[in-house]
Amino acid sequence: MLSIRSLYQVGYGPSSSHTMGPAKAVNIIKEELPDLDFYEITLYNSLALTGKGHFTEEIIKGSLAPCHVTFFSLIDIHKHPNTLLIKGYKNNELMIEKEVQSVGGGRIVFVGEEEKEELIYPLHTFKEIRNYCRDHKVSLSEYVYMIEGEGFHEFLEDIWEAMKTSIKNGISTRGTLPGPLKLKRKAPDLYDFDQDNEVPEITENRLVSSYAFAVSEENASGGIIVTAPTCGACGVLPAVLYYMLEKHSFITEDQIIDSLAVAGLIGNLIKHNASISGAVAGCQAEIGSACAMAAAAHATLFHLKLDQVEYAAEIAIEHHLGLTCDPVNGYVQIPCIERNAVAALRAIDACGLAYFLSDSRKISLDMVIQTMYQTGLDMHSSYKETSQGGLAQYYKEDDDVNCW
Ligand code: SF4
């Protein structure tokens with residue numbers, strides 16, 4: 001597995017695979033050959049079908065100019081779901097031609113070229129890692145620090161700061177999100193209520209939701225967020241951690257950092273053994289993964305046993321199996337923003353259930369990750385970030401949803 005440093009990335013929303021990945025690709029090309037006259041970029045599959053709503057064209061043109069972007073709008077099953085073909089010309093002569101895959105979470109692969117990032121984890125299933133931790137009497141976070149080496153705690157501190165900033169920005173920013181849906185930002189309204197006169201369950205629900213909305217609305221408006229594991233699912237993990245830190249005086253910032261290490265390990269296992277990309281495996285791979293990371297982080301904060309941490313993450317994925325990716329008009333707004341809040345609440349529930357029931361569990365985390373991936377591969381392309389099915393297909397602007 002790669003370092004968790006490549007999982008958590010601070011950057012601009014709204015999409016790790018549709019904005020961060022393509023931006024990285026064109027910047028690498030520009031660095032390699034800075035003096036070209038003209039570039040032609042062709043986007044395929046999900047990148048072509050939802051690239052407008054995800055601001056892919058703007059991001060590319062902002063870095064690589066002059067350039068022409070073509071959206072190839074028929075599904076090409078021979079290409080990766082997020083493919084860019086980049087061509088560069090000098091004096092009308094083709095100087096460079098590269099096919100790039102944006103594989104999720106902002107990571108890119110140049111087709112036919114060797115992987116530049118090093119695989120630093122020798123173990124790549126939860127079972128192997130669990131056995132190692134048991135045999136060597138180390139916790140999951142200690143295992144992560146051991147593999148990641150010097151400076152990793154500081155890296156996670158920066159990640160946590162960026163997560164907190166996106167929450168604070170989101171709950172204090174009113175207005176409308178970009179795009180034709182004209183969605184009102186709702187985080188400040190969710191956050192602003194009389195907590196003293198509310199029952200505890202409602203308070204928890206509203207606060208956790210407000211934090212998840214805050215980060216997701218920052219993402220949808222092109223603000224700075226942390227991929228956890230992706231832009232679309234960036235609100236789940238920070239919402240749970242921020243709420244728990246505020247609510248429980250026994251939780252320290254240091255414990256939050258340790259729980260981020262464990263969440264990163266879970267995200268890394270999914271990324272390595274399956275996918276964290278909605279275009280590859282549907283929303284179960286994005287929101288389901290984020291929920292598993294948050295559930296494991298929550299379990300770590302409460303000092304749950306290794307088995308219970310695993311079970312919390314497993315429950316979180318299991319009950320997102322089959323979840324499709326169907327962003328309306330190609331914008332990371334509906335159903336994405338609300339879905340982050342629901343997944344954050346579900347992560348807390350998953351942890352509670354794991355605490356009570358871990359002795360009787362039958363499904364391992366590794367098994368559910370495999371199941372999620374196969375389910376995603378079997379899913380029709382209409383439901384994998386192409387905006388051709390689901391809510392994206394049935395949404396009508398004039399549907400009267402408020403008639404009752
Ligand atoms: S529906 Fe899920 S996977 Fe698809 S863009 Fe939204 S958050 Fe990402």
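Each residue takes its place number in the sequence, starting with 1. It should be emphasised that the depicted structure is a prediction, and the values quoted were computed from it without experimental measurement. Atoms within each ligand, like the ligands themselves, are counted from 1 in listed order.
Heavy-atom contacts from other residues, nucleotides or ligands closer than 6.0 Å to CZ of F110 number more than 12. Within 6.0 Å of the OH atom in Y383, the count of heavy atoms belonging to other residues, nucleotides or ligands does not exceed 12.
Using a 4.0 Å cut-off between charged nitrogen and carboxylate oxygen, R5 and E117 do not count as a salt-bridge pair.
Remark: ligand 1 atoms within the under-4.0 Å shell around heavy atoms of E286 are 3 (S), 8 (Fe). Taking a cut-off of under 4.0 Å to the non-hydrogen atoms of C325, the atoms of ligand 1 that pass are 1 (S), 3 (S), 4 (Fe), 5 (S). Close contacts between ligand 1 and R339 involve ligand atoms 1 (S) [criterion: under 4.0 Å to a heavy atom].
Of the candidates G278, G232, C336, it is C336 that places a heavy atom closest to atom 5 (S) of ligand 1.
Taking the six-membered ring where the residue is Trp, W160 and Y242 present tilted rings, their angle falling between 30° and 60°.
What sits closest to atom 2 (Fe) of ligand 1 on the protein, heavy atoms only, is C283 SG, 2.3 Å.
The aromatic ring centres of F302 and F250 sit less than 6.0 Å apart.
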